[in-house]
**Q** 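Right, I'll just put the structure down here and ask away after.
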Protein chains: 2
Amino acid sequence: MTTEERVRLQKQFVETIGLEYEKEGMQPVSGRILALLMVMDKECFTFDEIIEELEISKSAASVALRMLQLRNNVEYITFPGDRKRYFRLKRVEPYHIFEETRRKMLRDIENIGKILALKANPDTPNSQFLKEIKQMMEFFNESLDQLKESYLKKHNSTNFSS
Amino acid sequence: MTTEERVRLQKQFVETIGLEYEKEGMQPVSGRILALLMVMDKECFTFDEIIEELEISKSAASVALRMLQLRNNVEYITFPGDRKRYFRLKRVEPYHIFEETRRKMLRDIENIGKILALKANPDTPNSQFLKEIKQMMEFFNESLDQLKESYLKKHNSTNFSS
DNA sequence: TATTCAGTTCGTAACTACACGAACTAAAAT
DNA sequence: ATTTTAGTTCGTGTAGTTACGAACTGAATA
């Protein structure tokens, strides 16, 4: 595979991944920028490079980049004597990617609790079903910490063994 | 708390939960219907009851109910000699609620794999970061089955003991 | 056969989100 | 002091959603 071919496939894949992010509720431009930073070989893009590569306006890039930084997906670095911002993927600890799932689950647990508290009869099939769902979520949520620990243990042990 | 108070709080909560579903990407009317079926004491609502309770049009209800059935959140039952459909929450196995998370994660794993395959250099900080994320997701995905099993075991054992 | 019932489909109007370009800002260079 | 650089903010047009009412369908009833 030649370099040109690879780059062509990468640019194509930026669009694909961008579309997926869009379907998951992200705004189109934000999704494309995030995909760009993940897929391409260049690790840091300037504002103008992003605009040029994705053919979007400055304002669209500005708004999208602010959101991506707020969401903790993107950060920028700067260099002395250079006013440009160099945007790149924010490299968070891998297990942080479940934080959002966890927050959502905690909200759900709380909501179901409130629903159950308002029920006239806590033993109807619906109430029972909601209780089961809540239990499952609570169990799962408690397991997350353990899972994180065992991942770290496994990850470290491979560093020492072999 | 009187019954009227409880029902008032329930109706209020339908709106709150509906809004949350909306923020998670569900259509407004679908979110309200799902919330209605979760929160209220009545376990089965007819088409007309839903329309009346939420003050929506027949067409809006029709479209939303079709989507909720496709998404496996709602089902309806019928009774002989009664043409009405009685809509209610679909009571799936609790651990099914993670199926969507899992599917999304498998897609992500696949996508990151493709991204890495297209990288010129697999050892840059970005590539390393993506690899770690992928590993974490793979570990997590493998743990899900185990988690499900141990949930079932725990759930059953409490049925026999004490 | 006509009518009612229980929804579905379709066309439309109102609303919303998105991205654009133009105007603006703040800091640095000339 | 003026110009350039590197973005940000704002107002607007457009495209896409959403929900409505009216017309329709298909089954059951009269």
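So that the names make sense, note that chain A is the first sequence line, chain B the second, and so on, each numbered from 1. Keep in mind it's a predicted model, so treat the numbers as computed, not measured.
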**Q** Arg83(A) side chain: which of dC18(C), dA6(C), dA28(C) is closest?
**A**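 Nearest listed nucleotide: dA28(C).
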**Q** What distance do Ile33(A) atom CD1 and Glu53(A) atom CD have between them, rounded to the nearest 0.5 Å?
**A**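 Rounded to the nearest 0.5 Å, the CD1-CD separation comes out at 12.0 Å.
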**Q** Under 4.0 Å, counting only non-hydrogen atoms across every strand here, what does Lys84(A) touch: a base, just sugar-phosphate, or nothing?
**A**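 Result for Lys84(A) = sugar-phosphate.
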**Q** Would you kindly compare Ser59(A) and Gly81(A) by the position of their nearest DNA chain C nucleotide and give the one closer to the 5′ end?
**A**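 The residue closer to the strand's 5' end, by nearest nucleotide, is Ser59(A).
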**Q** Can you tell me how far C1' of dG7(C) sits from CG of Leu68(B), to the nearest Å?
**A**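 Rounding to the nearest Å, CG of Leu68(B) and C1' of dG7(C) are 16 Å apart.
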**Q** Under a criterion of less than 4.0 angstrom to any heavy atom of chain A, what are the 5'-terminal and 3'-terminal contacting nucleotides of DNA chain D?
**A**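 Reading along DNA chain D, I get dT5(D) to dC10(D).
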**Q** Without hydrogens or angle criteria, can the side chains of Arg88(A) and Asn126(B) be said to hold a donor-acceptor pair below 3.5 Å?
**A**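 Looking only at side-chain atoms, Asn126(B) and Arg88(A) do not form any donor-acceptor pair under 3.5 Å.
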**Q** Could you tell me if Ser127(B) and Thr124(B) have a donor-acceptor pair between their side chains, going purely by distance under 3.5 Å?
**A**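 A donor-acceptor contact under 3.5 Å links the two side chains.
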**Q** Could you tell me how the ring of Tyr86(B) sits relative to the ring of Phe79(B): parallel (under 30°), tilted (30 to 60°) or perpendicular (over 60°)?
**A**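 Tyr86(B) and Phe79(B): perpendicular rings.
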**Q** Under 4.0 Å, heavy atoms only, any strand: does Val63(A) hit a base, just the sugar-phosphate, or nothing?
**A**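 Here Val63(A) touches no strand at all.
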**Q** Whole angstrom is fine here: how far is it from OH in Tyr86(B) over to C1' in dC5(C)?
**A**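 To the nearest whole Å, that distance equals 13 Å.
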**Q** In terms of the nearest nucleotide of DNA chain D, which residue is placed more toward the 5' end: Ser57(B) or Ala60(A)?
**A**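 In this pair, the answer is Ala60(A).
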**Q** Want to settle it: does Asp48(B) or Lys58(A) sit nearer the 5' end of DNA chain C, counting the closest nucleotide to each?
**A**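 It is Asp48(B), whose closest nucleotide lies nearer the 5' terminus.
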**Q** Parallel, tilted or perpendicular, judged at 30° and 60°: which one describes the rings of Phe87(B) and Tyr76(B)?
**A**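 Perpendicular.
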**Q** Hey, can you tell me if Phe98(B) and Phe140(A) have their rings parallel, tilted or perpendicular (30° and 60° cut-offs)?
**A**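 Correct class here is parallel.
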**Q** Atom CD of Glu55(A) to atom P of dC20(C): distance rounded to whole Å?
**A**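 The answer, rounded to whole Å, is 10 Å.
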**Q** Round to the nearest Å and state the distance from Glu52(B) atom CD to dA6(C) atom C1'.
**A**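 Roughly 16 Å, once rounded to whole Å.
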**Q** Met26(A) has an atom CE; how far is it from atom C1' of dA17(C), in whole Å?
**A**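 After rounding, the reported distance stands at 16 Å.
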**Q** Rounding to a whole Å, what distance do you find between Asp82(B):CG and dC5(C):C1'?
**A**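 The answer, rounded to whole Å, is 11 Å.
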**Q** Check the distance between dG21(C)'s P and Ile51(A)'s CD1 and give it to me in whole angstrom.
**A**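 Ile51(A) atom CD1 is separated from dG21(C) atom P by 11 Å.
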**Q** Thinking salt bridges, do Arg91(A) and Glu132(B) make one under a 4.0 Å N-O criterion?
**A**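 Here Arg91(A) does not pair with Glu132(B) in a salt bridge, since their nearest N and O are not under 4.0 Å apart.
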**Q** How long is the line joining CD1 of Ile56(A) and C1' of dA19(C), in whole Å?
**A**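 One finds 9 Å between C1' of dA19(C) and CD1 of Ile56(A), rounded.
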